[in-house]
Visitor: 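Once you've had a glance at the structure underneath, I'll fire off some questions.
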Protein chains: 2
Amino acid sequence: MDEICAKSKPRDRILDTATELFRRHGIRGIGVDAIAEAAGTNKMTLYRHFGSKDELIAECLRHQAEKFDRKWTAIEAAGDARAQLSAWIRLAGDYLEREKRGCDLANTAVELHEDDDHPARAVIEAFKIAQRDRLAVVCRAAGADDAELLADTLYLMLEGARVSRQSIGPEGPCSRFVKAAEAAVRSAIGEPRQVAAT
Amino acid sequence: MDEICAKSKPRDRILDTATELFRRHGIRGIGVDAIAEAAGTNKMTLYRHFGSKDELIAECLRHQAEKFDRKWTAIEAAGDARAQLSAWIRLAGDYLEREKRGCDLANTAVELHEDDDHPARAVIEAFKIAQRDRLAVVCRAAGADDAELLADTLYLMLEGARVSRQSIGPEGPCSRFVKAAEAAVRSAIGEPRQVAAT
DNA sequence: GCGGGAAGTTACAGACCAGTCACACCCACG
DNA sequence: CGTGGGTGTGACTGGTCTGTAACTTCCCGC
């Protein structure tokens, strides 16, 4: 963990290292000095690239949001809208099995508490709204009776699964997310024409 | 907010004040000194009653868990199992409208991050498992085709709604929780014999 | 009224933190 | 060669935090 990639530029190393350490220790649980050192650089360079710790946090989340956005290309390649819904569920399930911590953006929103002016706030809100709306578009295209309702249901279940993994652990309800989400889709639309999940 | 109740004993005032301040600022966002002062007492008295800040946090959550447990008596008074499910949803919806912050126990789990030895961990895990299992019992009694699946679905949706309120705000998907949860119950069981919700 | 335990007061230790400054360095490009 | 921009270094300010110690004061039951 000393250096994510020795040859990359300091700015990129700081961004990657900070993302990793914020995830592990929380934005209040790690200091800028420790981030800079872990990134194989120093505090001054960090402050020259990002004006403050809060700006660094916001930039990390922007980076994460873009990474999530790119996953939609894989979903859109899954076939028709009904298959895309199954692909979305499968990808979310994979994420739940892989990542011990939940969504960095949601976790940061929790850690921010009453701090409404934090630069990360706008990033989180915009990203979360976009994710839900993108899901709603697929639900509509898949012919759900009430696409908005199905999108809300799936969105809430995923958010819940990610936070539940942190309170109960991986054996709890979050391990049944895929099954529950598929059931919700089936009851709103019906079976997919060609089975997408194994 | 200076003193929650001037005449109560210091221990109770500290507990109530700490619960309130932890909710507002997060467990890392408020110091024991500020808690003691807001409770109309001092740090020494706080440390004499609770051995450490971590123990105080755990005790606050234990307190909160008992408060939630007591709400089940109202749910059980709502009638048969199907009516109890609607009562559970209505109560959760009220909670979402009333409380700006989500569940203190889940939020603390997020704030704890990799700290697996924290005394609050056991409290959170036991409480969350108990809540889900209690919900599953009602789902089974209400005659759900797959009671475990319905319990997971409702539990995940509520957890998601509470965390979503903190990232998107009260206008987002969390405002449609009641509608989505009722739809999930209807699709798993059917209409209640006597309408419980207005 | 008086004794004892609970509560308040003040000060302190030791650690951590965000952010700034002055200065030295290094390397690529002209 | 040399110069300038990006980078490294260490020290520093001023603040916050948990937890402890020694001492005083208050109040309730007897």
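Below, chain A is the first sequence line, B the second, and so on; all start at residue 1. Basis for what follows: all heavy atoms, side chains included, without hydrogens, waters or symmetry-related copies.
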Visitor: Hey, what are the protein-to-nucleotides 14-21 of chain D N/O distances that come in under 3.5 Å?
Guide:
residue, atom, partner, partner atom, Å
D:dT18, OP1, B:K53, NZ, 2.7
D:dT18, OP2, B:V32, N, 2.8
D:dG19, OP2, B:Y47, OH, 2.9
D:dG19, OP2, B:K53, N, 2.9
D:dG19, N7, B:K43, NZ, 3.0
D:dG19, O6, B:K43, NZ, 2.4

Visitor: Within a strict 4.5 Å, meaning less than it, do heavy atoms of the B:S86 and B:E182 side chains meet?
Guide: yes

Visitor: Salt-bridge test for A:E125 and A:K128: reply yes if a basic N is under 4.0 Å from a carboxylate O, no otherwise.
Guide: no

Visitor: Show the nearest heavy-atom pair for residues B:L21 and B:A34, with the distance to one decimal.
Guide: CD1-O, 4.3 Å

Visitor: Check each of A:L156, A:L158, A:V163 against B:S164 using the side chain to side chain contact (heavy atoms under 4.5 Å, CB included) test, and report the only one that passes.
Guide: A:L156

Visitor: Does a salt bridge link B:K179 with A:D146, judged by any charged N lying under 4.0 Å from a carboxylate O?
Guide: yes

Visitor: State yes or no: are the ring centers of A:Y95 and A:F177 separated by less than 6.0 Å?
Guide: no

Visitor: Could you state the atom-to-atom distance from CD of A:E37 to C1' of C:dC17 in whole Å?
Guide: 15 Å

Visitor: Is it the case that B:R176 places NZ or CZ above or below the six-membered ring of A:Y155, under 6.0 angstrom from the centre and within 45 degrees of the axis?
Guide: no

Visitor: What is the distance, to the nearest angstrom, from the CG atom on A:L21 to the C1' atom on C:dC17?
Guide: 16 Å

Visitor: Given A:D104, which of A:Q64, A:K67, A:H63 fulfils the side chain to side chain donor-acceptor pair (under 3.5 Å) condition?
Guide: A:Q64

Visitor: To the nearest Å, give me how far apart CZ (A:F50) and C1' (C:dG19) are.
Guide: 16 Å

Visitor: Enumerate the protein-to-nucleotides 4-7 of chain C contacts in which both atoms are nitrogen or oxygen and the separation is below 3.5 Å.
Guide:
residue, atom, partner, partner atom, Å
C:dA7, OP2, B:H49, NE2, 2.9
C:dA7, N7, B:R48, NH2, 3.3

Visitor: Report the distance from atom CG of A:L46 to atom C1' of D:dT7, rounded to the nearest whole Å.
Guide: 13 Å

